[in-house]
Enquirer: 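Questions regarding the structure given below will be posed in turn.
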Amino acid sequence: MASSTDAAERHGAAATASGGGGASPLARVARAFATFWTGLEVWVTGTMVGGALALVLYTVVLRWLAPAYAPHVTEEVTVYIVMWAVLLAVGRVTRERRHIRADLVVGLMPTTVQRGLDVLANLVGAAFAVFLFRYGYAVAYEAWDFGDLSATTLRFPLWIYYASLPVSAALIAIGHVTAAIAILAGWDAPDDTLEDPA
Amino acid sequence: QETMRISLDTNPSHVRNHAIELFVEKLEEKAGDKLKVEVYPSAQLYRDRDVARALRQGAVEMAVPGTWVLDGAVPSFGLTSLPMFYGLPAEVTLELMDGEIGQKINERAEDRLRVHVLGPWLNLGFSNYYATGAPIKTHADMKNLKIRISGGTANAARVEGFGGVANMIAWPDVPMALSSHVVDAVSSTHESIASAKLWDSGLKHAFEDRQWFGQYVPMVSSAFWDKLDPELQDAITEAWAETVPEERRMAAEAQDAAREKLMSEGMDMTTPTEEQLAEGRRMLMPRQEGLVEEMQIDDELVSLAIEELRERGLLD
Amino acid sequence: MTGALVAGGGGLLVLGLPIYLVLGVTAALLLASTGAPMISVTQKIVDELNSQTLIAVPFFVVAATFMERGGVAKALIDAALTWVGRVRGGLGIVCVIACTIFAAMCGSSVATALAMGTILVPAMLREGYARPFAAGIVGSSGTLGILIPPSLAMVVYGVLSDESVPRLFLAGVIPGLIQAALISGWIVFYARRKGYRRSETPMARGDFLATNLRALPALSIPIIVLGGIYGGVATVTEAAALSAVAAILVSLVFYRSITIKGVIPLIALATRNAATIMIIIVTALIFGHWVTESGATAAIVDFARQQQLSPAAFLAFVTVLFFVLGMFLEVFSVLLIALPVLLPLLPEFGIDPIQFGVIVTINMELALLTPPVGLNLFVLSSITKAPMAEVIRGIVPFVVLIALLLLAVMVVPQLSLWLPTLVLG
Ligand code: NA
Ligand code: NA
């Protein structure tokens with residue numbers, strides 16, 4: 001059984017290696033980029049959530065031992081950090097075709113129809129992501145333009161938190177397009193067996 | 001026929017909701033069929049924290065959020081939470097906010113939030129401290145107490161000014177946090193404590209120090225207001241003006257009733273003397289300048305308020 | 001127009017579109033048809049995510065992922081099996097007990113199912129449990145997250161109804177234990193009927209001791225978290241983060257199937273798994289926002305009110321209403337939509353608001369398990385990688401059990417009222 005470290009590191013490779021035979025230089029570059037990108041995402045989201053955990057631990061310990069020194073912005077900051085990371089991760093969920101669906105009816109249809117519907121779903125998803133990007137950008141821009149702050153001790157510039165949505169939407173759009181292409185090309189969804197020892 | 005949706009984040013039993021019912025009644029008399037009003041209580045549509053942006057975007061027509069959720073978008077709403085207002089009688093806050101200063105704050109709000117402010121603000125009541133363990137009898141008893149605040153730069157400064165430790169804890173976590181003693185006390189109003197029945201979570205002592213006087217600001221989205229015909233605008237403005245005095249009576253009664261309720265549940269009330277409160281104000285005043293800067297409250301308004309308070313002999 | 005859009009949404013669902021897309025696209029179109037500015041839809045998404053209560057989901061998933069990967073879970077399960085391994089379906093009962101204990105740390109059913117499922121579903125599959133059965137056990141025991149205190153659903157109920165949260169929490173304890181017992185009973189019955197295996201010979205004393213000793217460090221995780229909450233060190237939300245930190249440390253220090261280098265990628269993996277569910281939760285909340293604005297619920301309740309119902313008939317009506325809303329909406333949406341119109345009617349029917357809180361909570365447990373929008377179904381489908389149909393099939397008997405519990409709580413007020421009255425007077 002692969003250790004989780006290996007699994008996570010090999011994940012990027014797994015994501016694209018399943019793309020099969022194509023050894024053209026372009027495909028290789030694309031694959032290398034995908035590996036790099038997933039790796040980057042893993043480190044960014046992992047560090048953000050890990051950092052938030054460390055911050056909560058630090059706060060709880062200080063409040064217990066030396067209350068006067070415990071930061072009182074933790075509660076707010078952790079939400080911004082973790083939700084940023086969660087929204088970023090939706091891009092990966094999309095690319096890896098892990099969105100949950102109700103397959104009650106679809107499961108009964110012929111494979112070709114299923115594939116067609118799958119492509120369609122990803123195109124609808126791409127369109128929705130463009131919508132999210134367009135108006136998510138508007139939300140962040142408005143908060144920046146008006147200089148909205150949180151009404152808390154931290155007085156946090158809200159556009160920084162809101163910017164998570166357009167960034168995530170862009171990644172989701174790319175994810176859906178990638179997935180549509182992969183389905184048309186007949187590539188399997190990134191294999192997860194390396195990660196789930198079950 | 002226009003539809004005006006009003007977003008509130010308090011429950012139907014809350015004084016603000018009662019006031020809005022009253023307002024709607026009066027408005028329906030005046031506007032007749034021209035306007036359909038729908039009230040959405042309990043944050044069904046928006047939490048107050050988020051409602052200012054909904055107004056600005058024209059996603060909802062009217063809301064009556066508290067000044068404390070607005071100071072992030074319009075810093076001057078934080079004015080009455082500053083140390084100089086600590087322990088003052090309600091009348092002072094009302095005189096200033098119904099007057100020139102309040103007018104200027106409204107103008108800033110109209111500009112920053114793209115809203116129309118309907119008129120005078122509604123009253124909620126004073127924030128006080130409520131403790132679980134030992135009673136707070138004087139300001140000295142607050143030393144090292146862990147006190148829950150809902151956020152708010154001035155709220156934290158006030159707790160720290162008396163040597164307490166401010167903890168920002170979300171409301172849903174408060175009952176458990178109190179009964180397990182993660183915090184020792186909360187800053188809130190009689191009515192909020194009573195309606196959440198927080199004596200069940202161990203609150204036993206109140207320290208009625210009148211930290212600051214909470215008010216609600218009536219706002220209509222400009223996107224909606226600007227397209228109404230003037231007659232309808234007048235009807236709304238008049239209905240509001242008639243609602244305010246009645247609401248202020250109701251709010252005072254509600255706080256009194258809540259106070260009675262708290263005492264009947266065994267909570268003891270410590271009411272500091274005016275001298276003690278003035279002394280408390282003096283303790284907090286050194287923090288005011290920093291707060292004004294940090295919160296970016298308009299210096300002009302701060303100076304105006306200081307002047308008014310000095311005239312009344314309430315500030316050194 | 002509205003009807004066509006809702007039907008269209010149903011069509012998207014049938015066509016197998018991701019749930020988040022079905023809800024998001026339908027809600028956006030419905031809101032657009034009412035003239036709502038589109039910027040408010042995206043604003044709502046970030047505002048809903050800006051929530052202290054939702055943050056517990058990724059934290060608990062991180063904890064569970066480390067427990068599963070780091071050998072913590074295995075140590076715990078092995079130890080539990082030394083006690084109940086000779087009972088058929090013993091591992092299923094371990095799962096129920098684990099969910100019950102986890103529910104005492106976590107106020108969310110989705111987080112409970114996600115965390116416990118991550119740990120226990122692989123173990124049950126290894127033991128030869130049928131996939132639908134395993135999914136049913138975790139899905140239904142996971143709903144205890146909102147019935148056993150602390151409970152986010154009860155906090156929301158308390159805030160909306162001005163009721164005391166500690167009283168509501170205490171009211172959920174006995175019904176929660178009954179639910180755990182009902183599920184365990186069914187597991188034993190089912191496992192016997194299906195001839196699930198059990199260890200035939202009693203374990204050697206040495207093995208028994210060794211296995212239990214090995215589980216001791218793992219046991220420190222729930223102890224740290226429960227001690228943190230009830231000992232006044234941490235809030236319920238902070239406890240979620242503490243559980244993750246504890247799981248990381250215990251896996252690194254004691255079980256060592258994870259290296260320092262593996263920590264960050266594994267946190268990222270957990271975040272991704274949480275994101276899969278959370279994107280559905282927010283789009284479901286947007287959809288709920290439209291349902292609120294439509295005013296349909298208020299109209300239905302108003303109609304019912306004019307029918308001069310008896311208290312029993314009123315409760316039946318409420319259950320049907322919650323069931324239907326719960327089929328399509330997320331728990332918080334249902335509570336926000338229904339409670340403000342229902343709560344004022346309680347005195348009229350002489351129903352105790354605390355008992356009603358428990359009734360509502362059990363209804364919400366059902367909502368988590370009913371298609372088409374049932375978050376625990378999604379969680380289990382995601383963990384087991386089983387088709388939704390299989391998960392639903394597995395969950396049906398458990399839905400019947402919870403419905404029985406609901407009936408009992410309606411008929412016998414003491415089930416919910418005895419404990420809070422005893423403790424708080
Ligand atoms: Na719970
Ligand atoms: Na459901």
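Numbered from 1 within each chain, the chains take letters A, B, ... in sequence-line order.
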Enquirer: Distance from A/E75 atom CD to C/T235 atom OG1, nearest 0.5 Å?
Expert: 7.0 Å
Enquirer: Counting only non-hydrogen atoms closer than 4.5 Å, does A/S168 touch chain C with its backbone (N, CA, C, O), its side chain (CB onward), both, or neither?
Expert: neither
Enquirer: Counting only heavy atoms closer than 4.5 Å, note whether C/S51 contacts chain A via side chain, backbone, both or neither.
Expert: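 The backbone, not the side chain.
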Enquirer: Which distance, rounded to the nearest 0.5 Å, do you find between the CE of C/M38 and the CG of A/L132?
Expert: 11.5 Å
Enquirer: Do the non-hydrogen side-chain atoms of A/Y162 and C/D47 ever get within less than 4.5 Å of each other?
Expert: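 A/Y162 reaches C/D47 side chain to side chain.
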Enquirer: Are side-chain N/O atoms of A/Y135 and C/Q43 paired as donor and acceptor at under 3.5 Å?
Expert: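 No - no donor-acceptor pair under 3.5 Å links their side chains.
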Enquirer: Hey, which of A/T45, A/L117, A/L87 has the most heavy atom pairs under 4.5 Å with chain C?
Expert: A/L117
Enquirer: Could you pull out the closest heavy-atom pair between A/V93 and C/A275, with the gap in Å?
Expert: CG2-CB, 4.3 Å
Enquirer: Is there a side-chain contact between A/R92 and C/T276 in this structure, where contact means two heavy atoms from C-beta onward sitting under 4.5 Å apart?
Expert: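 A side-chain contact under 4.5 Å is absent here.
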Enquirer: Using heavy-atom distances under 4.5 Å, tell me whether C/I248 contacts chain A through its side chain, its backbone, both, or neither.
Expert: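 For C/I248, the side chain is the part near chain A, not the backbone.
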Enquirer: Just so I understand: if I count every heavy-atom pair under 4.5 Å between each of A/L57, A/T59, A/V79, A/N122 and chain C, which residue has the most?
Expert: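 Of the options given, most contacts go to A/V79.
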Enquirer: Looking at C/Y20, C/F59, C/F378, which one has more heavy-atom pairs under 4.5 Å with chain A than the rest?
Expert: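 Looking at each option in turn, the highest pair count goes to C/Y20.
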Enquirer: Starting at OG of C/S382, measure out to CD1 of A/I100 and round the result to the nearest 0.5 Å.
Expert: 4.5 Å
Enquirer: Please classify the contact between A/I172 and chain C as side chain, backbone, both or neither, with a heavy-atom cut-off of under 4.5 Å.
Expert: side chain
Enquirer: Could you tell me which portion of C/P372 (side chain, backbone, both or neither) has an atom closer than 4.5 angstrom to a non-hydrogen atom of chain A?
Expert: neither
Enquirer: Kindly compute the distance separating CG (C/N50) from OG (A/S150), expressed to the nearest 0.5 Å.
Expert: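 Rounded to the nearest 0.5 Å, the CG-OG separation comes to 8.5 Å.
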Enquirer: Kindly compute the distance separating CE (A/M83) from CE (C/M278), expressed to the nearest 0.5 Å.
Expert: 3.5 Å
Enquirer: Give, as side chain, backbone, both or neither, the part of C/L54 having an atom under 4.5 angstrom from any heavy atom of chain A.
Expert: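 When you check distances to chain A, atoms from both the backbone and side chain of C/L54 fall under 4.5 Å.
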Enquirer: Just how far is it from atom CE of A/M48 to atom CD1 of C/I264, taken to the nearest 0.5 Å?
Expert: 12.0 Å
Enquirer: Of the listed residues (C/A28, C/S381, C/G24), which shares the most heavy-atom pairs with chain A below a 4.5 Å separation?
Expert: C/G24
Enquirer: Considering only heavy atoms, which portion of C/V62 lies under 4.5 Å from any heavy atom of chain A: side chain, backbone, both, or neither?
Expert: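 Contact with chain A is through the side chain of C/V62 alone.
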Enquirer: Could you point out which residue of C/I280, C/L21, C/I19, C/I279 forms a side chain to side chain contact (heavy atoms under 4.5 Å, CB included) with A/H99?
Expert: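 With A/H99 as partner, side chain to side chain contact (heavy atoms under 4.5 Å, CB included) holds for just one option, C/I279.
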Enquirer: Search all heavy atoms of A/D103 against all heavy atoms of C/M388 and return the closest pair with its distance.
Expert: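 Looking at all heavy atoms of both residues, the shortest contact is OD1-N, 2.9 Å.
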Enquirer: Output the option from A/L53, A/V105, A/V56, A/V113 having the highest count of non-hydrogen pairs under 4.5 Å with chain C.
Expert: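 The option with the most such pairs is A/L53.
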Enquirer: How about A/Y141: does its OH atom have over 12 heavy atoms from other parts shown lying under 6.0 Å from it?
Expert: no
Enquirer: Please state whether the side chain, the backbone, both or neither of C/A123 comes within less than 4.5 Å of a heavy atom of chain A.
Expert: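 For C/A123, neither part sits under 4.5 Å from chain A.
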Enquirer: Hey, are C/R272 and A/E41 close enough for a salt bridge, meaning a charged N less than 4.0 Å from a carboxylate O?
Expert: no
Enquirer: Where on A/Y137 is there a heavy atom nearer than 4.5 Å to chain C: the side chain, the backbone, both, or neither?
Expert: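 Neither part, no heavy atoms under 4.5 Å.
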Enquirer: What closest approach, in Å, do C/A268 and A/V42 show between heavy atoms, and which atom pair accounts for it?
Expert: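 Scanning both residues, the minimum pair turns out to be CB-O, 3.3 Å.
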Enquirer: Are there more than 12 heavy atoms of other residues, nucleotides or ligands under 6.0 Å from atom CD1 of C/I260?
Expert: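 No - once you tally the heavy atoms of other residues, nucleotides and ligands closer than 6.0 Å, there are 12 at most.
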Enquirer: Does any heavy atom of chain A fall under 4.5 Å from the side chain of C/L15, the backbone, both, or neither of them?
Expert: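 Its backbone and side chain both get close to chain A.
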Enquirer: Would you name the heavy atoms of A/G46 and C/I267 that are closest together and state the gap between them?
Expert: O-CG2, 3.7 Å
Enquirer: With side chain to side chain contact (heavy atoms under 4.5 Å, CB included) as the test, pick out the partner of C/I55 among A/V86, A/V82, A/I81.
Expert: A/V82
Enquirer: What part of A/E142 gets within 4.5 angstrom of chain C, counting heavy atoms only: side chain, backbone, both, or neither?
Expert: side chain
